[in-house]
Amino acid sequence: MNYPCENKKDEILSFSNISRSNLRADCKNCFGFCCVALYFSASEGFPVNKDAGTPCINLQSDFCCSVHKNLKTLGLKGCIAYDCFGAGQKVAQVTYGGYDWRQVPETAQQMYEVFLIMHQIHEMLWYLTEALRLKPSRNIQDELNSMLIETEKLTLLSADSLLKLDTTAHRFKVNTLLRQTSELVRNKFRDEQKTSSKRQKTLGQGRDFIGKNLTKTNLRGENLSGAYLIATNLRGVDLSGTDLIGADLRDTDLRGANLTNSIFLTQGQINTAKGDSETKLPISLTQPMHWLK
Ligand code: SF4
Ligand code: SF4
């Protein structure tokens with residue numbers, strides 16, 4: 001999503017330390033990469049069908065989105081959901097030192113390809129920082145820290161080196177740690193309930209919960225990774241220790257739900273769900289503006 005570009009500043013970015021702000025989109029310091037580099041289609045909530053490498057019709061000459069304030073009313077859910085995890089500004093300001101794809105059109109195609117690789121690396125960084133936030137166990141925390149540093153170093157590679165990177169092999173190592181983290185955290189929340197007298201329905205098998213009412217189901221410590229939760233009613237549900245990596249939360253009713261200690265949730269997922277001021281989110285995420293209107 002291309003955020004508003006008012007008050008555009010020539011801010012000097014520092015990427016010497018990993019911090020949350022480095023993993024959030026900073027569109028003022030980007031050149032609208034997501035609005036150019038990606039292929040997208042109108043049926044997925046984007047303005048029109050367009051090829052990768054073609055600028056969106058709404059991308060202005062200053063790289064800002066002309067309809068940003070109206071994305072919701074225009075039904076552009078794809079734009080609302082998109083999150084680059086800070087890859088856009090990294091490519092713009094670090095990899096290419098502030099040169100944009102209009103200034104150096106001969107390098108534009110390479111920039112788009114580098115952006116796609118950087119997006120993958122920043123997504124891994126996001127999940128690793130989330131894993132650390134969950135404080136699984138001392139041993140795995142050391143491994144997560146090492147992997148975070150190793151992954152962060154990749155983001156500083158030159159464009160040529162990034163293009164040669166084996167991201168699949170690196171992702172495999174990261175995913176192994178993420179799975180172990182999820183298991184440890186979910187076990188912790190499940191164990192806590194053994195002493196609780198509260199009885200609720202359990203989830204049962206399957207990944208498809210589209211349109212279902214799960215408000216009376218115990219989801220603490222559940223593995224809902226990759227689950228279809230489109231328009232599922234989770235109003236007021238406690239999702240502590242629930243793994244939501246890759247879960248489809250489009251129009252999921254999260255009003256009043258507790259996601260403070262949910263596992264591997266992203267801003268993009270939250271942006272597509274329904275919530276309100278009573279929805280509790282992890283400290284790493286923010287309530288979308290449209291929840292508060
Ligand atoms: S790539 Fe990221 S930083 Fe750049 S415009 Fe898109 S969301 Fe914003
Ligand atoms: S409408 Fe176009 S310019 Fe605006 S955020 Fe969506 S893709 Fe980017």
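Computation of the quantities below employed the complete heavy-atom set of this structure, encompassing side-chain atoms and omitting hydrogens, waters and symmetry-equivalent molecules. Residues: numbered from 1 along the sequence shown. Every number for a ligand or one of its atoms is a count from 1 in the order of the listing.
Here Asn29 has no heavy atoms under 4.0 Å from ligand 1, in either its backbone or its side chain.
Between Phe264 and Tyr127, the ring planes lie perpendicular to each other; the angle is over 60°, past the 30° to 60° tilted range. Note on ring orientation: taking the six-membered ring where Trp is involved, the planes of Phe85 and Trp126 are tilted (angle from 30° to 60°).
Heavy-atom contacts of Cys30 reach the following atoms of ligand 1: 1 (S), 3 (S), 4 (Fe), 5 (S) (cutoff under 4.0 Å). Of all atoms in ligand 1, numbered sequentially from 1 with element shown, those under 4.0 Å from a heavy atom of Cys84 are 1 (S), 2 (Fe), 3 (S), 7 (S). Per-residue contacts place Pro47 under 4.0 angstrom from the following atoms of ligand 2 (heavy atoms of the residue considered): 1 (S), 2 (Fe). Residue Cys65 has at least one heavy-atom neighbour below 4.0 Å for each of these atoms of ligand 2: 1 (S), 3 (S), 4 (Fe), 5 (S). Against a heavy-atom cut-off of under 4.0 Å, Gly88 is close to the following atoms of ligand 1: 1 (S), 4 (Fe). Close contacts of ligand 1 with Cys34, meaning ligand atoms under 4.0 Å from a residue heavy atom, involve 1 (S), 5 (S), 6 (Fe), 7 (S). Heavy-atom proximity to Gly32, at under 4.0 Å, picks out these atoms of ligand 1: 5 (S). Residue contact check: Gln89 has heavy atoms under 4.0 Å from atoms 3 (S) of ligand 1.
Atom 8 (Fe) of ligand 1 has an N, O or S atom of Cys27 closer than 2.8 Å.
Under the 4.0 Å criterion applied to side-chain N and carboxylate O atoms, Glu123 and Arg171 are assigned as salt-bridge partners. Remark: Arg186 does not engage Asp191 in a salt bridge, criterion side-chain N to carboxylate O under 4.0 Å. With respect to the salt-bridge test (charged N to carboxylate O, under 4.0 angstrom), the residues Glu192 and Arg220 qualify.
Checking each of Glu130, Gln120, Glu152 against Leu125 for a side-chain contact (heavy atoms from CB on, under 4.5 Å) leaves exactly one that passes, namely Glu152.
Phe115 and Trp101 have their aromatic ring centers separated by at least 6.0 angstrom.
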What verdict does the side-chain hydrogen bond (donor to acceptor under 3.5 Å, both in side chains) test give for Asp160 and Ser158, after you've listed the backbone C-alpha separation in whole Å, the side-chain angles of each residue and the deciding distance to 0.1 Å? CA-CA 5 Å; Asp160 286 340; Ser158 67; 5.4 Å; no

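Heavy-atom separations between Phe115 and ligand 1 include at least one value shorter than 4.0 Å. The closest approach between a heavy atom of Phe40 and any atom of ligand 2 is below 4.0 Å.
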